[in-house]
Amino acid sequence: QVQLVESGGGLVQAGGSLSLSCAASGRTFSSYCMGWFRQAPGKEREFVAVISPTGGITYYADSVKGRFTISRDNAKNIVDLQMNRLKPEDTGVYYCGQGRVMGPEKCFVDYWGQGTQVTVSS
């Protein structure tokens, strides 16, 4: 049974920071790519960041480049998302995903976390 458990969401003022964490279990963590996605009210879920199985490669959506950092600790089976200089448009439900590497910068997510709310006030 694969399980992804998120933590760290909350309310923060614009310009502030939050750090999200996702703890994974159920299969060999270091064999899978990990990603973060978000969904604002009335919008489709969008890609935020992804990291390769061993952490050597990361990729970010243009909207968060320079502000967000994805990292993983394969000894602890966790993936984090450090979010700095937050903007109101960053508001949404953030989801952790785990998937298979299908090619360069291609992570096919087959398991998702429950989501955690991030609200950035102006």
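Every value quoted in this text rests on a predicted model; they were computed, and no experiment measured them.
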More than 12 non-hydrogen atoms from neighbouring residues, nucleotides or ligands closer than 6.0 Å to CG on L11, yes or no?
-> yes
Considering residues at least two apart in sequence or located in another chain, which fulfil the salt bridge (charged side-chain N to carboxylate O under 4.0 Å, His left out) criterion with R45?
-> none
The reported gap from NZ in K65 to OG1 in T58 (rounded to nearest 0.5 angstrom) is 10.0 Å
Following the transitive rule for hydrophobic clusters with a side-chain heavy-atom cut-off under 4.5 Å over Ile, Leu, Val, Met, Phe, Trp and Tyr, establish whether Y95 and F47 coincide in one cluster.
-> yes
Listed by chain and number, what are the salt bridge (charged side-chain N to carboxylate O under 4.0 Å, His left out) partners of K43, not counting sequence neighbours?
-> none
Who passes side chain to side chain contact (heavy atoms under 4.5 Å, CB included) against S122, sequence neighbours left out?
-> P88
Apart from F108 itself, what residues make up its hydrophobic cluster when side-chain heavy atoms of I, L, V, M, F, W and Y under 4.5 Å apart count as a link, directly or indirectly?
-> M102
How would you list all residue pairs meeting side-chain hydrogen bond (donor to acceptor under 3.5 Å, both in side chains) that involve residues 22-31, not counting sequence neighbours?
-> R27-Q98, R27-D110
With sequence neighbours excluded, give me every disulfide (SG to SG under 2.5 Å) pair touching residues 92-122.
-> C22-C96, C33-C107
Sort and list the pairs that fulfil disulfide (SG to SG under 2.5 Å) and have at least one residue in residues 39-90, not counting sequence neighbours.
-> none
If we only count heavy atoms from C-beta on, is the Y32 to R100 side-chain gap below 4.5 Å?
-> yes
With S63, which residues qualify under side chain to side chain contact (heavy atoms under 4.5 Å, CB included), at least two apart?
-> R38, A61
Check salt bridge (charged side-chain N to carboxylate O under 4.0 Å, His left out) between R67 and all other residues, then give those that pass, not counting sequence neighbours.
-> D90
Residue list, side chain to side chain contact (heavy atoms under 4.5 Å, CB included) with Q117, at least two apart or on another chain | T91, V93, T119
Do side-chain atoms of E6 reach the backbone of G115 as a donor and acceptor pair under 3.5 angstrom?
-> yes
Heavy atoms from other residues, nucleotides or ligands near CD of Q114 exceed 12 (cutoff 6.0 Å) = yes
Members besides V48 in its Ile/Leu/Val/Met/Phe/Trp/Tyr cluster (side-chain heavy atoms under 4.5 Å) = V2, L4, V12, L18, L20, F29, M34, W36, I51, Y60, V64, F68, I70, V79, L81, M83, L86, Y94, Y111, V118, V120
Quick one: which of D73, T116, D80 gives a side-chain hydrogen bond (donor to acceptor under 3.5 Å, both in side chains) with S21?
-> D80
Apart from V5 itself, what residues make up its hydrophobic cluster, given side-chain heavy atom links below 4.5 Å?
-> none
Which pair of non-hydrogen atoms, one from N74 and one from N77, has the smallest distance, and what is that distance?
-> O-OD1, 3.1 Å
